[in-house]
Structures are given as C-alpha cells and as structure tokens.
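Notes for the one structure printed next.
Owing to the predicted nature of the structure, the values given are computational and were not obtained by experimental measurement. The first residue in the sequence is number 1, and the count goes up from there.
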Amino acid sequence: MENFNFKSSTRLVFGKDTHEETGKYVKEYSKKVLVHYEGDGALIKKLGIYDKVIKSLEENGIEYVTLGGVVPNPRLSLVYEGIKICKENGIDFILAIGGGSVIDSAKAISLGTAYEGDVWDFFTGKNEPKDSMKVGVVLTIPGSGSEMSESSIISNEELSMKCVCDTEKNFPVFSILDPQVCFTIPPYLMACGVTDIMSHLMERYFSQAENTELSDALLEAAMRTVVEFGPKIMAEPKNYNNAAQIMWSATVAHNGMIACGRIADWSSHRIEHEISAIYDITHGAGMAIVFPAWMKYVNEENLAVFENFAVKVFRVEKSENKKETALKGIAKLEEFFKSLGLKTSLSESGIGEENFEIMAEKALGGSETLGRFKKLTKEDIVNILKISK
C-alpha cells in the first residue's frame with residue numbers, strides 16, 4: 001500500500017426531498033449567491049427542482065442572481081461571464097444546480113472570482129489557487145462525482161483544449177443528493193453518467209500498487225453495483241432504489257477515499273479529454289470508446305489485475321490462461337456499455353484518424369509519457385486511438 005493524504009470537506013445531504021432544504025445550508029455561508037445551471041434551466045424548471053430551491057432560498061432570506069448556459073464540456077467563456085457577475089454584484093457563494101458540467105463551471109467561477117489574474121492559469125499550471133469562494137451543490141445528474149471531488153474540468157473553446165484543475169479549494173462545502181431528481185434524466189445522459197462512474201472506478205482499480213486488499217474489495221463491490229444497477233436504472237428510471245444506488249456509487253467513485261493507498265492511472269481520461277475537446281462528444285460516451293481500447297493495449301503489464309476484474313466484477317469463469325480470462329472481461333465491459341445504448345468505437349461516432357497525432361501530443365501535455373499503469377508514449381497513445389477506431 002502506498003502512502004496517502006486524504007481530505008474531504010464536503011457535507012453530503014442524501015435522501016428524499018432534501019433539495020427543498022437548500023436554503024438552510026446556504027445561509028450558513030452567504031446571504032447573496034449566484035445560482036448556476038445548465039442551458040436555459042428548462043429541465044430543472046419543468047421538474048420543479050428550480051422552483052423548490054429558489055423558494056427555499058427566499059424563505060431563508062437569501063438574495064440570488066442567476067446564470068444558466070452551461071453545456072456539456074463546460075466553456076471557459078461562460079466561466080468568465082460568471083466571474084464578472086460575481087465581482088460586479090458582490091456575490092460570495094455559488095449554488096450549482098446540475099450535473100458535473102455545472103458543478104465544474106461553478107468551481108472555476110469560484111476560483112476566478114477570488115483571483116486577480118486569468119482563471120485559465122489554474123488549468124494550464126501557470127499558477128495555483130490560493131483562495132476561492134464557497135460552492136454548494138444540488139446534484140441533478142449523477143456520474144461525474146464532482147459533487148465531492150477536488151476537480152474542475154473546463155474547455156477552452158478558442159484553443160480546443162480541455163484541462164483540469166485539481167485543488168482542495170474545489171471541494172463544495174455541501175452537496176445535496178436526492179435520488180428522485182434522477183427519475184426524468186434523459187436516457188442518453190443517464191447512460192453517459194453510468195459509464196463515467198465506471199470509468200472513475202476503473203482508473204483507480206487498474207493499479208500497479210501492491211497490498212491493496214481493502215481498496216481492491218471496495219472498488220470491486222462498487223463496480224459490481226454499477227454493473228447491476230446501470231441497466232436497471234435504464235429500464236426502470238423511476239425506481240428509487242435504482243437511482244439511489246447509482247447516485248451514491250457516483251459520489252463514492254470520485255471522492256478520493258476509495259483510491260487511498262493506490263496508484264491510479266488516469267491516461268484514459270486524458271486521452272478522452274482530447275477527443276471531446278475537438279469533437280465535443282459527451283465525456284461518458286467518449287470513455288465507453290477509449291477505456292476498452294486502453295485495456296486491450298496495456299493488459300499484459302499486469303494480467304493478474306485484469307483477471308481479477310473479469311472474475312470478480314463480471315463473474316467470468318477463471319481459466320488457466322490469464323490472458324484469455326482478461327480478454328473475456330474486456331469483452332464483457334464492452335457489452336455492458338453497449339447494453340446502455342452507447343457506442344464503443346470512434347467510427348460509430350463519426351470520428352476519423354485525421355487528428356490522432358494532435359490528440360496524442362495534447363494528451364501528453366508537454367511530458368514524455370502519460371499514465372502510471374503503463375507509461376504511454378505518443379506512439380502508444382496513437383496506437384490506442386487506432387484500436388478505438
């Protein structure tokens with residue numbers, strides 16, 4: 001087991017009708033907030049989530065300014081707009097109502113409002129955050145785990161770049177998780193969310209660290225839960241237990257605790273970020289394409305962990321040939337993604353080879369190699385993209 005330093009400062013409020021109490025938690029931190037949400041807010045308004053949250057804010061004497069417009073792969077331009085609004089209106093708290101894109105955008109706005117320079121500095125490594133505003137979350141789409149993570153991922157549309165800023169300044173002070181809000185999530189977005197959860201677990205599971213029995217078991221249990229309840233929530237989206245299992249799995253997958261003592265990889269995410277930066281596909285859809293390709297390319301680096309994945313997560317019968325068992329597990333994963341209605345190749349998504357070299361170069365981010373399970377060179381990344389086509 002590796003040394004680790006774990007911290008989480010997010011209060012989780014989980015259960016039925018909890019979003020109706022939002023104002024109670026906001027008032028601990030602020031009396032004037034920015035309410036941030038996706039698009040024009042049509043979905044959260046149609047479902048009544050928006051009205052109930054706003055009512056709760058008003059009942060607790062909290063002023064608010066609204067900013068919609070968030071899209072998948074949240075844009076830097078909207079972050080700049082949010083920073084401007086916060087500075088001009090004396091706002092000191094951001095309430096994100098939405099999924100990962102909204103939460104990541106809110107985190108970026110909070111960092112930028114507390115900074116005199118360009119917030120993009122934090123995403124390119126030019127500077128590190130020293131301060132931020134507080135962020136609260138009403139989660140509406142499970143998957144990203146951003147509701148309890150230190151990460152914010154933002155797309156710079158002018159540069160076709162998608163970058164991450166990891167800092168403890170990004171932890172929301174509270175996140176409200178009401179599984180009932182999942183009941184009317186569009187099927188495609190739910191499928192992408194389920195895939196994102198699985199990808200977060202797998203990035204941590206495929207590790208070269210030794211003596212990680214406890215986290216191995218926790219990760220395997222979480223992945224089995226996603227494999228069981230992913231198809232169930234697609235078939236019965238209004239079943240409370242289905243929604244609760246998926247929503248909780250999403251948070252557990254990306255809050256850091258389950259990875260303690262391990263060496264996570266993250267190369268698949270970095271490769272996918274470059275695909276979605278250029279082609280603007282939903283992150284979960286991209287992970288359904290990239291992860292199996294990565295697995296096919298690197299499994300011989302540690303066949304034992306791939307064998308365990310096949311046997312303990314997908315119940316593949318163990319054979320004397322570890323490679324054979326490993327490949328069956330990868331095939332089962334692809335079948336799982338397809339059962340959710342997702343594509344597992346770039347060509348199915350209308351993406352060709354024309355940008356493979358560019359994406360590989362950007363994924364490296366100036367380094368010679370990418371990843372920890374197997375250190376990938378530019379040539380390796382291009383080969384993985386070719387497998388995924």
Side-chain angles (χ1 to χ4, degrees), residues 8-70 78-79 81-114 131-142 146-149 152 168-184 240 243-244 247-248 251 255:
S8 179
S9 52
T10 304
R11 175 193 298 199
L12 285 181
V13 183
F14 189 101
K16 294 179 180 179
D17 303 324
T18 47
H19 63 284
E20 297 180 23
E21 303 176 340
T22 302
K24 179 176 74 173
Y25 299 103
V26 172
K27 74 177 182 180
E28 295 181 26
Y29 304 97
S30 176
K31 284 294 184 180
K32 191 170 186 180
V33 308
L34 177 70
V35 178
H36 200 32
Y37 50 84
E38 188 171 17
D40 61 2
L43 183 59
I44 59 173
K45 290 175 182 177
K46 178 181 178 181
L47 300 177
I49 299 168
Y50 178 85
D51 288 342
K52 289 175 181 177
V53 170
I54 293 299
K55 179 183 178 183
S56 182
L57 293 178
E58 292 174 344
E59 288 175 345
N60 285 275
I62 298 165
E63 294 182 57
Y64 59 90
V65 177
T66 62
L67 177 63
V70 181
L78 188 66
V79 170
E81 185 178 342
I83 293 169
K84 184 173 183 289
I85 290 172
C86 288
K87 288 184 174 181
E88 289 180 350
N89 291 273
I91 290 169
D92 59 3
F93 190 94
I94 305 174
L95 179 65
I97 308 176
S101 295
V102 176
I103 302 167
D104 284 4
S105 184
K107 290 176 178 179
I109 293 170
S110 81
L111 294 173
T113 304
D131 200 3
S132 66
M133 292 198 307
K134 298 291 191 293
V135 173
V137 172
V138 177
L139 184 66
T140 63
I141 302 176
S146 191
E147 66 274 6
M148 200 179 176
S149 84
S152 172
E168 66 177 47
K169 305 296 182 185
N170 276 336
F171 284 116
V173 291
F174 69 78
S175 288
I176 296 173
L177 282 61
D178 183 346
Q180 295 173 115
V181 306
C182 299
F183 290 176
T184 52
Y240 182 85
M247 185 170 260
W248 181 223
T251 302
N255 70 358

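Of the inter-residue distances, the one linking S8 atom OG with M148 atom CE reads 3.5 Å to the nearest 0.5 angstrom. Atom CG in L177 sits 8.0 Å away from atom CH2 in W248 (nearest 0.5 Å). The structure places OG of S30 at 10.0 Å from CG of L95, a figure rounded to the nearest 0.5 Å. Atom CZ of residue F14 and atom OG1 of residue T251 lie 7.5 Å apart, to the nearest 0.5 angstrom. Between the NZ atom in K55 and the CD atom in E20 there is a gap of 8.0 Å [rounded to 0.5 Å]. Atoms CG and CE, from L111 and M133 in turn, are 9.5 Å apart once rounded to the nearest 0.5 Å.
Considering only heavy atoms from C-beta on, L57 comes within 4.5 Å of V35 through its side chain. The shortest side-chain heavy-atom distance between F174 and E28 does not fall under the 4.5 Å cut-off. When side chains are defined from C-beta on, L43 does not count as touching Y37, because their heavy atoms never get closer than 4.5 Å. Looking at V53 and I176, their side chains never come closer than 4.5 Å, going by heavy atoms from C-beta outward. Under the 4.5 Å side-chain criterion, counting only non-hydrogen atoms from C-beta, I97 is not in contact with V102.
Listed by first and then second residue, the side-chain hydrogen bond (donor to acceptor under 3.5 Å, both in side chains) pairs involving residues 44-54 amount to none (not counting sequence neighbours). Identified under the salt bridge (Lys or Arg N to Asp or Glu O under 4.0 Å) test for residues 82-101, with sequence neighbours left out: K84-E88.
Shown are K31, K32, E58; of these, the side-chain hydrogen bond (donor to acceptor under 3.5 Å, both in side chains) with Y64 is made only by E58. Just one residue in the list S146, S152, S132 forms a side-chain hydrogen bond (donor to acceptor under 3.5 Å, both in side chains) with K107, and that residue is S146.
Without hydrogens or angle criteria, H36 side chain to L67 main chain gives a donor-acceptor distance under 3.5 Å. The main-chain N or O of A42 is found under 3.5 Å from a side-chain atom of D40 such that the two form a donor-acceptor pair.
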Hey, mind stepping through L139 and I103 against side chain to side chain contact (heavy atoms under 4.5 Å, CB included) and telling me if it holds? CA-CA 8 Å; L139 184 66; I103 302 167; 3.9 Å; yes
Tell me, with the steps shown, if N89 and L34 meet side chain to side chain contact (heavy atoms under 4.5 Å, CB included). CA-CA 9 Å; N89 291 273; L34 177 70; over 6 Å; no
Please assess Y25 against N60 for the test side chain to side chain contact (heavy atoms under 4.5 Å, CB included), listing each intermediate value before the final yes or no. CA-CA 10 Å; Y25 299 103; N60 285 275; over 6 Å; no
Evaluate side chain to side chain contact (heavy atoms under 4.5 Å, CB included) for I49 paired with T140, printing each intermediate quantity in order. CA-CA 9 Å; I49 299 168; T140 63; 4.3 Å; yes
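Between V65 and I85 the shortest heavy-atom distance is CG1-CG2, 3.9 Å. In terms of heavy atoms, V70 sits closest to E38 at O-CG, 3.0 Å. The minimum heavy-atom distance between G15 and T18, with the atom names listed, is O-OG1, 2.8 Å. Pairing each heavy atom of K169 with each of D131, the nearest pair is CE-N, 4.2 Å. Considering all non-hydrogen atoms of both residues, I83 and T113 come closest at CA-OG1, 3.8 Å. Here the closest non-hydrogen pair linking I62 and K27 is CD1-N, 3.8 Å.
Qualifying side-chain hydrogen bond (donor to acceptor under 3.5 Å, both in side chains) partners for Q180, counting only residues two or more places apart in sequence or in other chains: D17, D178.
Y29 and F93 have parallel rings, their planes meeting at less than 30° on a 0 to 90° scale where 60° marks the start of perpendicular.
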